[in-house]
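Input: a single structure, listed below in structure tokens.
All values below were derived from every heavy atom in this structure, side-chain atoms included, with hydrogens, water molecules and symmetry-related copies excluded.
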Amino acid sequence: MIKITLPDNSVREYTKGVNGLEIARSISNRLAKDVLSITVNGEVWDLSRPINTDASINLHTWEAKEGKDTFWHSSAHLMAETIEHFYPGTKFGIGPTVDTGFYYDVELPDNKQLTDKDLVKIEQKMLELARQKNPIVRSEISKADALKLFSEKNDELKEELISELEDGTITLYNQGGFTDLCRGPHLPNTSYIKAIKLTSIAGAYWRGDENNKMLTRVYGVTFPKQKLLEEYLVMMEEAKKRDHRKIGKEMDLFTFSEAVGQGLPLWMPKGAQLREQLEMFLKKVQKKYGYDQVITPHIGDVNLYKTSGHYEKYGKDSFQPISTPAEGEEYLLKPMNCPHHCEIYNARPHSYKDLPLRYAEFGTVYRYEQSGELHGLTRVRSFTQDDAHIFCRPDQLKEEFKKVIDIIFIIFKALSFDDYVAQISLRDPNKPEKYIGSPENWDKAEKAIIEACEEKGLNTVTETGEAAFYGPKLDFMIKDALGRSWQLGTIQVDYNLPERFNLEYIGADDNRHQPVMIHRAPFGSMERFVAVLIEHTAGKFPLWLTPEQVVLLPISEKYNDYGQKVLNILNNYDIRTIIDDRNEKIGRKIRDNELKRVPYLLIIGEKEAETGTVSVRKQGDGDKGVMKLEEFAEFILKEVKGQLSGLNN
RNA sequence: GCCGGAGUAGCUCAGGGGUAGAGCGCAUCCUUGGUAAGGAUGAGGUCACGAGUUCAAUUCUCGUCUUCGGCUCCA
């Protein structure tokens, strides 16, 4: 007998060789039906794999990530089996799971390209194979035998993968007539898979290296119930409706023009107004936190970026230098603001008493992103960072870092962003050539970030090898409508630029010392931030951000004079309005989809004109009754303040 | 940059070797008193751009540009 410890720490005894499915069955029939995989002593296993020693276990259903992973992993194998069925001789790369679903990188014979029609065909065949309830069987194999097996299949992709594995750890999985190299775990059989959608085809380099050949990547997602698939498809449709490119167009926020150039956004009046609100908001917060605004040019001498090290990094892959009539003189469109701010710091000597100095600028930068990478406002070639650089003494670093975290919290709170991930990015210690600066300084900087996060009680994930080339950083990632993660706010510690630019301050000991620099951008960039904001709010912005807060609806042109008076008063209160002008000339006709996003409607007719009132409706919240004008203005202002409450202390 | 889709009216899209189509929007007029509406009329297009095949190309072929889904990269 062996002892099995369940997650609630209760212990049960089973005969040696019991498997996950049997354990589940001994607990409840329902669990036995739902369970997909099992964690045994920290390792996720197949349900059918015998357990021969005492173990602590955890059973995973569809609700658990491990359960979904197992499910989708088996689905990837099922898809591979089907692809091999239709295209014998297909070579298989890797077939992992992703956030929603799975993919498989394949190389089809005779340079065959898959089309959407093929996907439908494959889907149907997959369902057919799934229903055959073929058991998925694990077997161990020696490295030599594995290499032999896949070389017989002429699958050099798998051979390459196997050659890197250690002998004795190699396992195969087989279902139906299909055998694949795989660590597992897998479902007991294929019949768990009830609903299948192959979502897209894309090219992907073998092992992610653009020097390697391009494979065909087939994405799919599967579910244990048809209903879950339907829900998923509905969700995807909803997400498409929230796409910031679509809403941005509908609301006239921004546009692109071929004539101007790709990746260069043009902000339309309403979009500019939205952006201005955000800028004003952040400027106000920053003022409170002791920042000073600075302004710097959009270009800089090439040598400035050679000094900073950015040229080495960005030179070839960015916009090429601008030459001038003077020989040998070259300027670069600025890819970042830091060097300019360093030169501001350097403009005069500093005492330790001056620090920290915090220079802020909404600085527009230019980066030549690869053409295939451009995407709406989230990935552009000209964007404005809400940038600031903090120059401080080493002993002030942690404190300053924590204050920046505070600012980011203020912003996220004001906009109800609560599903963010904070990621600490550290250097890869095995690849020192990727980074500039001394290991000692890197250690100090990384320590400061980790401690600041701990002291702020911030939940973080840590990624090694993700640091910037000049220093470690803390990034805040937010998901867009389709669940893709975007980096927004960023805080980066930098011991490196101060050295390169010979930044100094005079300490209390009358000696020269080097300040530490913090780069930070709470929004990240205005472009990306607005994009994510649009998708989060589906275009229904918080009141204080709405390009228009109120629509006036004069009942007929007879009341235009009164309408004009209402407008003037609201303007005095700084309440942004538009007028739906079905009848007359004091406003403009407002499109339906635009109207849906304006929070307040004011109806103006005879009754209102006589009594000096307005009838108020709030979108999605019905009639608010008849109000005196001033009363209404106060009402709106109060709502705005309500949304910003808690930010002003 | 690479692989694969797409580019036709302001928007969403249909069409197809031989006068260019719809819905919505837009313009003008009429109607409309608690609503974001109804009617009539009308204006919008080098069918992304450039070559080629053809008696004839928006349609077929090739190239370029842009755009979409991915890959590498990044705010």
Side-chain angles (χ1 to χ4, degrees), chain A residues 98 103 105 111 113-116 199-219 240 243 245-246 249-250 252 255-263 313-314 317-318 335-337 363 365 367-387 466 468-469 473 475-478 482 484 486-490 492 519-529 531-532 551-559 578-583 589-596 598 601 603-608 615 617 619 623 626:
Chain A
V98 290
Y103 66 81
D105 284 347
N111 287 323
Q113 296 295 340
L114 289 176
T115 64
D116 288 349
T199 45
S200 68
I201 312 169
Y205 299 107
W206 171 233
R207 322 210 82 175
D209 184 338
E210 62 183 302
N211 298 314
N212 287 340
K213 67 181 160 192
M214 172 84 59
L215 305 177
T216 303
R217 177 168 295 179
V218 186
Y219 283 89
K240 274 185 202 157
D243 190 312
R245 292 167 298 185
K246 182 175 151 69
K249 196 185 257 181
E250 286 171 2
D252 289 330
T255 188
F256 290 88
S257 155
E258 275 191 40
V260 174
Q262 61 173 336
K313 185 89 181 164
Y314 284 97
D317 301 325
S318 200
M336 60 269 313
N337 305 299
V365 298
R367 297 182 192 173
Y368 188 78
E369 297 296 341
Q370 294 187 29
S371 60
E373 269 310 300
L374 301 172
H375 178 96
L377 281 185
T378 51
R379 206 55 180 290
V380 290
R381 286 179 170 171
S382 138
F383 58 96
T384 301
Q385 295 177 315
D386 54 325
D387 213 355
E466 290 289 310
F469 72 96
K473 57 182 182 169
D475 292 324
F476 290 82
M477 337 276 274
I478 305 256
L482 285 167
R484 287 171 300 207
W486 292 99
Q487 182 187 327
L488 293 178
T490 180
Q492 313 181 351
H519 311 248
R520 42 109 278 176
F523 290 145
S525 82
M526 302 311 291
E527 282 73 10
R528 184 176 287 179
F529 193 82
V532 173
V551 184
L552 300 180
L553 297 169
I555 240 42
S556 89
E557 60 188 282
K558 276 192 274 177
Y559 308 112
I578 44 174
I579 300 168
D580 182 47
D581 185 5
R582 204 163 87 218
N583 307 300
K589 184 134 183 175
I590 292 156
R591 289 193 301 276
D592 280 5
N593 58 36
E594 188 179 5
L595 201 51
K596 278 183 211 141
V598 179
L601 306 183
I603 296 166
I604 296 166
E606 184 177 1
K607 194 176 74 192
E608 290 81 6
S615 291
R617 282 181 195 181
Q619 292 278 17
D623 281 337
V626 179

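For A:T255, the side chain to side chain contact (heavy atoms under 4.5 Å, CB included) criterion is met by A:L266, A:M268, not counting sequence neighbours. Applying the side chain to side chain donor-acceptor pair (under 3.5 Å) test to A:S525 and every residue at least two apart in sequence or in another chain returns nothing. A:F529 meets the ring-ring contact (aromatic ring centres under 6.0 Å, His included) test with A:F417, A:F523; sequence neighbours excluded. By the ring-ring contact (aromatic ring centres under 6.0 Å, His included) test, A:F256 pairs with no residue at all, sequence neighbours left out. For A:D387, the side chain to side chain donor-acceptor pair (under 3.5 Å) partners are A:N337, not counting sequence neighbours. Contacts of A:D105 classified as salt bridge (charged side-chain N to carboxylate O under 4.0 Å, His left out), with partners at least two apart in sequence or in another chain: A:R217. Residues passing the side chain to side chain donor-acceptor pair (under 3.5 Å) test with A:T384, sequence neighbours excluded: A:R275, A:T364. For the salt bridge (charged side-chain N to carboxylate O under 4.0 Å, His left out) test, residues two or more places apart in sequence or in another chain that qualify with A:E250 are A:K246, A:R597. In this structure, the salt bridge (charged side-chain N to carboxylate O under 4.0 Å, His left out) partners of A:R379, at least two apart in sequence or on a different chain, are A:E369, A:E373.
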List every contact pair, protein side and nucleotides 10-14 of chain B side both N or O, where the distance is under 3.5 Å.
{"residue": "B:rU12", "atom": "OP1", "partner": "A:K249", "partner atom": "NZ", "Å": "3.3"}

Output a table of nitrogen or oxygen pairs between the protein and nucleotides 65-67 of chain B separated by less than 3.5 Å.
{"residue": "B:rU66", "atom": "OP1", "partner": "A:Q262", "partner atom": "NE2", "Å": "2.9"}
{"residue": "B:rU66", "atom": "O2'", "partner": "A:E258", "partner atom": "OE2", "Å": "3.4"}
{"residue": "B:rU67", "atom": "OP2", "partner": "A:Q262", "partner atom": "OE1", "Å": "2.5"}

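Look at the C1' atom in both B:rA57 and B:rC49: the space between them is 15 Å, to the nearest Å. Rounded to a whole angstrom, the distance from the P atom of B:rU64 to that of B:rG1 is 10 Å.
Atom OH of A:Y205 is separated from atom P of B:rC71 by 12 Å (rounded to the nearest Å). A straight line from CZ of A:R367 to P of B:rG1 spans 19 Å, rounded to a whole angstrom. Atoms CZ (A:R379) and P (B:rC71) sit 12 Å apart, rounded to a whole Å.
Within 4.0 Å of A:R207, counting heavy atoms only, lies no atom of the nucleic acid at all. Among the heavy atoms of the strands lying under 4.0 Å from A:E608 is at least one base atom, whether or not backbone atoms are also near. At a threshold of 4.0 angstrom between heavy atoms, the contacts of A:Y219 are confined to the sugar-phosphate backbone, with no base atom among them.
In this model, the phosphate group of B:rG70 is not approached by any side-chain N or O of A:H375 to a distance below 4.0 Å at OP1 or OP2.
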Base-pair map of RNA chain B as dot-bracket, where | denotes pairing with a different strand and pairs are Watson-Crick or G-U under 3.5 Å:
(((((((..((((....[..)))).(((((.......))))).....(((((..]....))))))))))))....
